[in-house]
Amino acid sequence: MAITKTHIENNLQRIRERIAASCKKAGRPTKEVTLVAVTKSVEIDTIRHLLDLGLTELGESRALQFAQRVGEIDAYIQRRRNPLPSPVRWHMIGHLQRNKVKPIIETAGLIHSLDSLRLGEEINARAERLGIVSDVLLQVNCSKEPQKFGCAVGAALHLCEMLMTMKNLRLSGLMTMAPLSENPEDARPSFVRLRELFDEIRREGIGGAHFRHLSMGMSNDYPIAVEEGATLVRIGTALFE
Ligand SMILES: *Cc1c(COP(=O)(O)O)cnc(C)c1O
């Protein structure tokens, strides 16, 4: 069944209320938190509804679908009568293989899933060839689950140091995925760990001026992530269910 705009609008209102409540609890301004609408499991028509509702930060998790959607939505925006409140920014949030960097690098506004030196080198080299600077986050495996992507907590600081030397990367912060669980509170330790790591990297003077984002929190646990300092929450299911 197609997802209506009203349905998304109601979900969006509830999500914004919960983000605001978490911000209040943590003493943070709500404008510090950006909602990335994860569109990986919806159809193009639904993405158009998001644009109508003013949501222009969009996330995809697979490189080929990412590239395809960027093309389709670009074509739609060209045809569209009403201007968007701001240009669409595409977030690459899923695991990225080195041989899939090419199709996404020019259009990715932010890559959340840089998780190794080799991937960093690949993105840097491709960005250099295109004469661009790529915005990236280092993905960290805070929950230590072996099946999870992300660098080890203990390797993050040194990896950040190396990434900072790459001229065509702009290291803008850290990202993590909490363990899947029924209970959102189970996610809190991973978020706390990411924030502590973030603070440590800043204290060491490694991050630089652009190092300011914490991408953490999904449909099940975003209120907790916001309490713990998230600046980017990646939400799919809660917008569309
Ligand atoms: C799918 C996905 C999300 C969104 O998950 P929901 O539970 O649907 O909100 C967030 N981050 C990543 C990396 C994802 O792959």
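Just so you know, these numbers use all the heavy atoms, side chains as well, and skip hydrogens, waters and symmetry mates. Read the numbers this way: they start at 1 and go in the same order the structure lists the ligands and their atoms.
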Salt-bridged, [X] to [Y], with N to O below 4.0 Å?
{"X": "Arg126", "Y": "Glu122", "answer": "yes"}
{"X": "Glu227", "Y": "Lys25", "answer": "yes"}
{"X": "Glu17", "Y": "Arg14", "answer": "no"}

Could you list, one pair per line, each nitrogen or oxygen of ligand 1 together with any protein nitrogen or oxygen closer than 3.5 Å, giving atom names and the distance rounded to 0.1 Å?
unit_1: ligand 1; atom_1: 8 (O); unit_2: Thr237; atom_2: N; d: 2.8
unit_1: ligand 1; atom_1: 8 (O); unit_2: Thr237; atom_2: OG1; d: 2.5
unit_1: ligand 1; atom_1: 9 (O); unit_2: Ser219; atom_2: N; d: 3.0
unit_1: ligand 1; atom_1: 9 (O); unit_2: Ser219; atom_2: OG; d: 2.5
unit_1: ligand 1; atom_1: 9 (O); unit_2: Gly236; atom_2: N; d: 2.8
unit_1: ligand 1; atom_1: 11 (N); unit_2: Arg234; atom_2: NE; d: 2.9
unit_1: ligand 1; atom_1: 15 (O); unit_2: Lys40; atom_2: NZ; d: 2.7

- Item | Sidechain-backbone polar pair: Arg170 side chain, Val133 backbone, donor-acceptor under 3.5 Å |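 No; zero donor-acceptor contacts below 3.5 Å.
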
- Item | Arg48 NZ/CZ over Tyr76 ring centroid, <6.0 Å and within 45° of normal | yes

- Using a cut-off of 6.0 Å, state whether more than 12 heavy atoms not belonging to Arg80 lie near its atom CZ. yes

